[in-house]
Amino acid sequence: MSARKKQKTVRAEETSEIIERKSYARVGLLGNPSDVYFGHTISFSLGNFWATVQLQPSEDLVIQPHPTHDLVRFSSIDHLVNRLQNEGYYGGVRLLMAICKVFHKYCHDNNIELKGGNFTLSYDTNIPRQTGLSGSSAIVCATLNCLLDFYNVRNLVKVEVRPNLILSAEKELGIVAGLQDRVAQVYGGLVYMDFSKEHMDKFGHGMYTPMDTRLLPPLHLVYAENPSDSGKVHSDVRKRWLEGDEFIISSMVEVANLALEGRAALSDKNYTKFAELMNRNFDIRSKLPSNMTC
């Protein structure tokens with residue numbers, strides 16, 4: 001179910017070529033959502049669902065709306081309302097714009113010269129919306145990969161920094177989340193992540209350790225038909241954590257420790273233990289107030 005793709009680098013001089021990059025959905029196995037609270041997580045990229053972004057050289061810089069996700073023409077007011085109820089107000093155009101801005105600023109601040117002309121960006125995705133599969137960050141990740149290769153600066157933007165750029169783009173739009181999803185999508189495959197405060201404060205990112213996907217047991221994916229907005233959920237949890245809520249703090253510490261135990265269980269292929277840890281992770285989150293189960 002996991003996916004790891006090698007990306008072909010395309011130089012900016014080769015402007016006749018269309019660059020297409022794909023980023024996969026993400027599943028958080030253990031430790032979620034302690035990445036926001038200096039914890040530990042285990043996640044993997046999911047090859048069943050993905051977002052694809054195309055970059056095509058063009059005279060002007062164009063961000064192309066998706067015919068479904070950025071719909072602005074409707075057959076009736078009922079059509080409009082139904083679409084908003086099912087899909088929300090926001091499409092993917094804002095995501096593409098945000099990562100372009102963040103990427104440009106990062107390169108400017110780090111004296112990375114961007115040579116090349118303009119381009120047209122377009123995207124597509126089959127990742128179910130608001131199901132916790134990181135559909136938004138997949139679009140941003142795929143776009144970042146296009147920009148890295150169009151400008152031929154992939155070797156100048158460290159891999160451990162790229163999840164921060166993706167998260168910064170989403171923060172531009174008011175999305176509250178952590179690095180976990182973006183790390184899994186940048187690295188691909190199965191990844192163990194340590195977000196200890198000392199390391200985060202010193203380097204600005206966590207310690208990311210790829211693991212062999214063959215360690216995973218057979219897995220089944222279940223997601224809600226009527227999902228919630230995870231950004232609002234994270235915002236509520238974050239507020240109470242910052243206020244020193246003992247229940248929230250102790251819950252996050254316990255959840256983070258599950259990832260530590262889970263890493264050992266996977267290495268030993270102790271799947272009974274691993275399943276128990278996943279259940280415990282779910283139980284802890286389900287004990288949070290209903291509007292806070294992230």
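What's counted below: heavy atoms across the whole structure, side chains too, no hydrogens, waters or symmetry copies.
The line from CD1 of I19 to CG of L147 is 8.5 Å long, rounded to the nearest 0.5 Å. Interatomic distance, F274 CZ to N270 CG, rounded to the nearest 0.5 Å: 10.5 Å. Considering CG of L29 and CG of L258, their distance stands at 12.0 Å, rounded to 0.5 Å. Atom CG in D124 sits 8.0 Å away from atom OG1 in T68 (nearest 0.5 Å). Between atom OH of residue Y37 and atom CH2 of residue W241 there is a gap of 7.5 Å, rounded to the nearest 0.5 Å. Taking CG of L46 as the reference point, atom CD1 of I127 lies at 8.5 Å (rounded to 0.5 Å).
Taking the six-membered ring where the residue is Trp, the centroids of Y123 and H66 are separated by under 6.0 Å. The aromatic ring centroids of F49 and Y24 lie 6.0 Å or more from each other.
By the criterion of side-chain heavy atoms lying less than 4.5 angstrom apart, applied directly or through intervening Ile, Leu, Val, Met, Phe, Trp or Tyr residues, L156 is grouped together with I166 in one hydrophobic cluster. Tracing side-chain contacts under 4.5 Å through hydrophobic residues (I, L, V, M, F, W, Y), one reaches I112 starting from F119; they form part of the same cluster. Hydrophobic cluster membership is shared by L71 and I77, with clusters built from Ile, Leu, Val, Met, Phe, Trp and Tyr side chains linked at under 4.5 angstrom. Cluster annotation: I63 and V72 are assigned to distinct hydrophobic clusters (Ile/Leu/Val/Met/Phe/Trp/Tyr, side-chain heavy-atom contacts under 4.5 Å, transitive). Under the 4.5 Å side-chain heavy-atom criterion for Ile, Leu, Val, Met, Phe, Trp and Tyr, F203 and V36 are members of distinct hydrophobic clusters.
In terms of heavy-atom proximity, A142 sits nearest to A51 at CB-O, 4.0 Å. The nearest pair of heavy atoms linking G178 to L167 is O-CD1, 3.8 Å. Taking all atoms of both residues into account, the shortest heavy-atom contact from F150 to N118 is CZ-O, 4.0 Å. Shortest non-hydrogen contact noted between P217 and L266 is CD-CD2, 4.1 Å. L121 and C100 get closest at one heavy-atom pair: CD1-SG, 3.7 Å.
With sequence neighbours excluded, the residues forming a side-chain contact (heavy atoms from CB on, under 4.5 Å) with A169 are A98, I99, V102, V140, listed by chain and number. The ring-ring contact (aromatic ring centres under 6.0 Å, His included) check on H79 picks up F74, with sequence neighbours excluded. A search for side-chain contact (heavy atoms from CB on, under 4.5 Å) contacts involving T52 returns E20, K22, W50, not counting sequence neighbours. Every residue two or more places apart in sequence or in another chain was checked for a ring-ring contact (aromatic ring centres under 6.0 Å, His included) with Y271, and none qualifies. Contacts of Y192 classified as ring-ring contact (aromatic ring centres under 6.0 Å, His included), with partners at least two apart in sequence or in another chain: none. Among residues two or more places apart in sequence or in another chain, the salt bridge (charged side-chain N to carboxylate O under 4.0 Å, His left out) test is passed with K197 by D201. Shown here are the side-chain contact (heavy atoms from CB on, under 4.5 Å) partners of T120, two or more places apart in sequence or in another chain: S58, V62, Q64. Under the side-chain contact (heavy atoms from CB on, under 4.5 Å) criterion, E59 pairs with no residue at all, not counting sequence neighbours. Evaluation of the ring-ring contact (aromatic ring centres under 6.0 Å, His included) rule for F282 yields no partner, not counting sequence neighbours.
Side-chain atoms of S23 never come within 3.5 Å of backbone atoms of I139 as a donor-acceptor pair (strictly under, hydrogens ignored). Put simply, the side chain of S34 gets close to the backbone of H40: a donor and an acceptor are under 3.5 Å apart. The backbone N or O of R21 sits nowhere less than 3.5 Å from a side-chain atom of N145 that would complete a donor-acceptor pair.
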One pair to check against side-chain contact (heavy atoms from CB on, under 4.5 Å): L55 and I18. What are the steps and the verdict? CA-CA 6 Å; L55 184 154; I18 296 175; over 6 Å; no
Under the side-chain contact (heavy atoms from CB on, under 4.5 Å) rule, what do V183 and R26 come out as? Steps first, then yes or no, please. CA-CA 9 Å; V183 173; R26 185 281 306 164; over 6 Å; no
Verify side-chain contact (heavy atoms from CB on, under 4.5 Å) between T209 and V191, making sure each step is shown before the conclusion. CA-CA 6 Å; T209 306; V191 187; 5.8 Å; no
Check the pair E261, K273 against side-chain contact (heavy atoms from CB on, under 4.5 Å), reporting the backbone distance first and the verdict last. CA-CA 9 Å; E261 294 183 61; K273 175 68 172 178; 3.5 Å; yes
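At least one side-chain heavy atom of P210 sits less than 4.5 Å from a side-chain heavy atom of Y187. Considering only heavy atoms from C-beta on, L219 comes within 4.5 Å of F44 through its side chain. Looking only at side-chain heavy atoms (C-beta outward), V186 and C141 come within less than 4.5 Å of each other. By the 4.5 Å heavy-atom criterion applied to side chains, S134 and Q185 are counted as neighbours. Residues L215 and D212 are in side-chain contact: their nearest non-hydrogen atoms beyond the backbone lie under 4.5 Å apart. F195 has its side chain within reach of T41: a pair of non-hydrogen atoms, C-beta onward, lies under 4.5 Å apart. For the pair N281/V255, a side-chain contact is recorded, criterion being any heavy-atom separation below 4.5 Å from C-beta on. Contact check for M211 versus R263: side-chain heavy atoms found under the 4.5 Å cut-off.
For residues 160-180, every residue pair satisfying the side-chain hydrogen bond (donor to acceptor under 3.5 Å, both in side chains) rule, not counting sequence neighbours, is listed here: N32-Q180, S43-Q180, K101-E172, E170-R182. Residue pairs meeting the salt bridge (Lys or Arg N to Asp or Glu O under 4.0 Å) criterion with at least one member in residues 60-81, sequence neighbours excluded, do not occur. Applying the side-chain hydrogen bond (donor to acceptor under 3.5 Å, both in side chains) test to residues at least two apart or on different chains, the pairs with a partner in residues 247-260 are E254-R280.
For H104, the NE2 atom counts as loosely surrounded, since its 6.0 Å shell holds 12 or fewer non-hydrogen atoms of other residues, nucleotides or ligands.
With salt bridges taken as basic N to acidic carboxylate O contacts below 4.0 Å, one links K239 and E243.
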